[in-house]
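Data first, discussion second: the structure below is written as structure tokens.
Counting from 1, the numbers follow the sequence of the chain as shown.
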Amino acid sequence: MHGGAHRIMSVPSRTSRELRAPYRRPRAAERMGAPHVNQVIRIPVLGQVDMRRKELMMLLLISPDGVEEALDCAKAAEHLDIVDVKKPDEGSLGANFPWVIREIRDAVPADKPVSATVGDVPYKPGTVAQAALGAVVSGATYIKVGLYGCTTPEQGVEVMRAVVRAVKDHRPEALVVASGYADAHRIGCVNPLALPDIAARAGADAAMLDTAIKDGTRLFDHVPPDSCAEFVRRAHAYGLLAALAGSVKQDDLGPLTRIGTDIVGVRGAVCAGGDRNAGRIQPHLVAAFRAEMDRQAREHAVGTPAVN
Ligand SMILES: O=C[C@H](O)COP(=O)(O)O
């Protein structure tokens with residue numbers, strides 16, 4: 001489904017207890033179409049995540065490398081939240097072809113948002129803005145940019161401002177994700193903990209970390225859980241979504257849940273043999289990953305006041 005129209009949905013009234021309970025991350029949730037404490041919510045027809053169910057849960061983003069794997073994602077659609085189009089052989093956030101984004105948009109259920117990576121981009125704001133426009137025109141509603149070639153926060157802000165303008169001029173409700181790299185020290189790009197500030201200054205919607213070099217090292221090998229918690233805290237302080245990825249395994253889901261991650265991005269862990277290159281995405285591994293996410297969410301929720 002394409003276009004900018006919205007449908008208006010009624011939601012049941014909340015009890016007084018629910019009304020007293022604070023939202024944990026209201027501004028971030030609002031960005032994803034979450035209900036306010038009233039009777040009406042707006043959900044973009046584009047396949048916005050229904051945050052009524054998810055507002056206290058991590059969302060699962062899965063990255064197929066093409067149409068065939070996207071169809072495998074579609075088989076596991078009930079277990080995932082966002083289908084993320086990328087081209088892993090062009091880099092950690094390698095950009096796929098516009099026609100592949102469009103085919104995948106058509107192949108996955110309309111209520112699943114499609115995300116697209118714009119690449120591990122150079123410090124070239126004009127080039128990157130055009131690429132981002134290409135992704136949103138092709139049907140993606142999350143636009144992810146890897147600030148690979150940016151060595152200072154100012155360069156990152158400049159690139160992301162151009163992206164935000166290009167994307168939102170075309171589709172205001174699309175979400176722009178500024179991504180840095182947990183292993184930035186290995187490639188000489190901007191410090192991972194600078195990403196929330198870069199995203200906020202540029203008017204983006206989310207700050208993300210992935211790993212640049214897919215050599216088996218994981219997010220927490222480079223940015224330990226305490227530092228990831230600080231990343232999430234900074235993102236939320238700006239009202240941004242916090243997305244984390246980087247060879248994340250089921251074992252990492254406990255800490256990721258506890259620190260309040262909004263979106264976890266995964267490929268290798270749901271591919272056969274855990275191999276993001278030679279393996280293919282397996283629907284049963286997606287289901288198993290989700291089951292562990294749900295288990296962690298339930299465990300974490302014990303003692304946490306319900307808000308919905
Ligand atoms: O955006 C998420 C990435 O595709 C993560 O891939 P990975 O789990 O293989 O590192």
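Residues L253 and M58 share a closest heavy-atom pair of CD2-CE, 3.9 Å. Nearest heavy-atom pair across V176 and M160 is CG1-CE, 3.4 Å. Here the closest heavy-atom approach between residue L195 and residue S179 is recorded as CD1-C, 3.7 Å. Scanning all heavy atoms of the two residues, the minimum distance from A162 to P125 falls at CB-O, 3.7 Å. When all heavy atoms are compared, the tightest approach of S115 to K144 is OG-CD, 3.3 Å. The shortest non-hydrogen separation linking A206 to A199 is O-CB, 3.8 Å.
A donor-acceptor pair under 3.5 Å is formed between the side chain of R290 and the backbone N or O of H79. Of the possible polar contacts, one joining the D183 side chain to the A212 backbone as a donor-acceptor pair under 3.5 Å is found. Under a 3.5 Å cut-off, the side chain of S138 and the backbone N or O of G134 do form a donor-acceptor pair. A side-chain donor-acceptor contact under 3.5 Å links D81 to the backbone of L60. A side-chain donor-acceptor contact under 3.5 Å links K112 to the backbone of A77. R171 places no side-chain N or O within 3.5 Å of a backbone atom of V137 that could act as its donor or acceptor partner. Counting only distance, with no hydrogens or angles, the side chain of R258 and the backbone of A229 share no donor-acceptor pair below 3.5 Å.
Under the 4.5 Å side-chain heavy-atom criterion for ILVMFWY residues, a single connected hydrophobic cluster contains both F220 and L193.
Checked for salt-bridge contact, R267 and E69 meet the test: a charged N lies under 4.0 Å from a carboxylate O. Between R233 and D226 no salt bridge is recorded (no basic side-chain N to carboxylate O distance below 4.0 Å). Salt bridge annotation for R102-D106: absent, with no cationic side-chain nitrogen under 4.0 angstrom from a carboxylate oxygen.
Side-chain contact between V118 and V128 is present, with heavy atoms from C-beta onward closer than 4.5 Å. Annotation: side chain of L61 is in contact with side chain of S63 (closest heavy-atom distance under 4.5 Å). For the pair T117/Y142, no side-chain contact is recorded, criterion being any heavy-atom separation below 4.5 Å from C-beta on. Counting only heavy atoms from C-beta outward, the side chains of I198 and L147 approach each other to under 4.5 Å. Here the side chains of K75 and D72 are in contact, with some heavy-atom distance below 4.5 Å.
The only option from H300, E292, R298 that meets the side chain to side chain donor-acceptor pair (under 3.5 Å) definition with Q296 turns out to be E292.
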Exercise. Can L219 and L244 be said to form a side-chain contact (heavy atoms from CB on, under 4.5 Å), step by step?
Worked result: CA-CA 8 Å; L219 169 70; L244 292 169; 3.9 Å; yes
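Checking R186 against T217 by side-chain atom types alone, a donor-acceptor pair falls below 3.5 Å. Counted by atom type alone, Y181 and D210 present zero donor-acceptor pairs between their side chains at under 3.5 Å. Side chains of N191 and H185: no donor on one and acceptor on the other come within 3.5 Å.
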Hey, can you pull the donor-acceptor pairs under 3.5 Å for the side chains in residues 88-99, sequence neighbours left out?
{"from": "D89", "atom 1": "OD1", "to": "K87", "atom 2": "NZ", "distance (Å)": "3.1"}
{"from": "E90", "atom 1": "OE2", "to": "K87", "atom 2": "NZ", "distance (Å)": "3.1"}
{"from": "S92", "atom 1": "OG", "to": "T211", "atom 2": "O", "distance (Å)": "2.7"}
{"from": "N96", "atom 1": "ND2", "to": "D65", "atom 2": "O", "distance (Å)": "3.1"}
{"from": "N96", "atom 1": "ND2", "to": "K86", "atom 2": "O", "distance (Å)": "3.0"}

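Identified under the side chain to side chain donor-acceptor pair (under 3.5 Å) test for residues 147-157, with sequence neighbours left out: T151-Q155. For residues 241-254, every residue pair satisfying the salt bridge (Lys or Arg N to Asp or Glu O under 4.0 Å) rule, not counting sequence neighbours, is listed here: R218-D252.
Heavy-atom contacts from other residues, nucleotides or ligands closer than 6.0 Å to NZ of K214 number more than 12. R280 CZ: more than 12 foreign heavy atoms inside a 6.0 Å radius.
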